[in-house]
2 protein chains.
Amino acid sequence: MKFKANVSVKLKPGFFDPEGEAAKDALNDLGYTVYSVRVSKVYSMELEAKSLDEAKKLVDEMCRRLLANPTKDIYEVEVFSSEQPV
Amino acid sequence: MKFKANVSVKLKPGFFDPEGEAAKDALNDLGYTVYSVRVSKVYSMELEAKSLDEAKKLVDEMCRRLLANPTKDIYEVEVFSSEQPV
């Protein structure tokens, strides 16, 4: 069965986010008053699994093996049946 | 007043997403069956504005001026009062 998953990967609080800092500085230079910017990444994927439970297990494994760095990142996983709107 | 905003920026459908393709290939190499991966970026920011309406207007402007490329990206904006949980 096909499933859809959204994986959000962001830096743990306290870790310096150079991309967010650069965006903050650029926005302030453009005249906005922006106090902080943090950037996270969302992977939207379609995958094959036997059941919703297996799909959740697989996506969690993908995060630990490839998509997130457990030292500095936190991640959140949402998995849907492919028929449901995401 | 302080407001929080989440801005999601992703490629329009049909635009080639090299980062997503690389993630898809790496996941398939690791033994998963993944049909597609698309990557989007979320900017979580705190900004100053006089009202919720002004905050929404400002963040939309930030997207058009800096955060998104109108030729190839689509963006979605959520704005919250800073007291609400995000």
Side-chain angles (χ1 to χ4, degrees), chain A residues 1-11 13 17-50 54-68 73-79 82 86, chain B residues 1-13 17-50 54-68 73-76 78-79 82 86:
Chain A
M1 284 168 75
K2 270 196 189 180
F3 291 89
K4 286 189 182 182
N6 289 332
V7 175
S8 165
V9 180
K10 62 180 166 189
L11 285 168
D17 180 349
E19 194 179 354
E21 285 299 303
K24 188 189 81 177
D25 292 346
L27 289 168
N28 284 309
D29 288 348
L30 285 172
Y32 304 104
T33 305
V34 176
Y35 301 108
S36 69
V37 180
R38 303 283 285 177
V39 183
S40 56
K41 210 167 254 193
V42 177
Y43 298 88
S44 306
M45 64 174 84
E46 279 194 307
L47 73 148
E48 184 69 36
K50 293 202 186 80
E54 199 204 43
K56 284 181 185 168
K57 205 185 118 267
L58 288 173
V59 177
D60 192 73
E61 210 178 273
M62 291 176 198
C63 290
R64 282 181 285 111
R65 290 179 75 187
L66 183 80
L67 303 175
D73 296 328
I74 42 181
Y75 63 87
E76 283 166 30
V77 172
E78 287 176 319
V79 182
S82 206
V86 176
Chain B
M1 284 169 73
K2 268 195 190 181
F3 291 89
K4 287 189 180 181
N6 290 332
V7 175
S8 165
V9 180
K10 62 180 166 191
L11 285 169
K12 288 180 183 171
D17 180 348
E19 194 179 354
E21 285 298 304
K24 188 189 81 176
D25 292 346
L27 289 168
N28 284 310
D29 288 348
L30 285 171
Y32 304 104
T33 305
V34 176
Y35 301 108
S36 69
V37 180
R38 302 283 286 178
V39 182
S40 56
K41 211 167 254 192
V42 177
Y43 297 88
S44 306
M45 64 174 83
E46 279 194 306
L47 71 148
E48 185 68 36
K50 292 202 186 80
E54 199 204 44
K56 284 180 185 168
K57 206 185 117 266
L58 289 174
V59 176
D60 193 73
E61 209 178 273
M62 291 175 198
C63 290
R64 283 181 284 112
R65 291 180 73 187
L66 183 80
L67 302 176
D73 296 327
I74 42 180
Y75 63 86
E76 283 167 30
E78 288 177 318
V79 181
S82 206
V86 176

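To find a chain, count down the sequence lines: A is the first, B the second, and so on, and within it residues start at 1.
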**Study point:** Contact check, side chains of Asp73(B) and Leu11(B), non-hydrogen atoms, under 4.5 Å
**Key:** yes
For residues 56-64 of chain A, which side-chain donor-acceptor pairs fall under 3.5 Å, sequence neighbours excluded?
residue  : atom : partner  : partner atom : Å
Asp60(A) : OD1  : Tyr75(A) : OH           : 3.2
Asp60(A) : OD2  : Arg64(A) : NE           : 3.1
Asp60(A) : OD2  : Arg64(A) : NH2          : 3.3
Glu61(A) : OE2  : Tyr32(B) : OH           : 2.7

**Study point:** Atom group of Lys2(A) that falls short of 4.5 Å from chain B, counting heavy atoms
**Key:** side chain
Study note, to complete from the structure: To the nearest 0.5 Å, atom CG of Leu27(A) lies from atom OH of Tyr35(A) at 13.5 Å
Review point. Taking every heavy-atom pair that is under 4.5 Å apart, which of Val42(A), Leu66(A), Val7(A) has the most such pairs with chain B?
Key: Val42(A)
Practice item. Could you pull out all residues at least two apart from Glu48(A) that satisfy salt bridge (Lys or Arg N to Asp or Glu O under 4.0 Å)? Key: none
Practice item. May I ask you to name which of Asp17(B), Leu30(B), Val9(B) has the most heavy-atom pairs under 4.5 Å with chain A? Key: Leu30(B)
Check your understanding: chain A: which of Glu19(B), Glu46(B), Met45(B), Arg65(B) shares the most heavy-atom pairs with it under 4.5 Å?
Key -> Glu46(B)
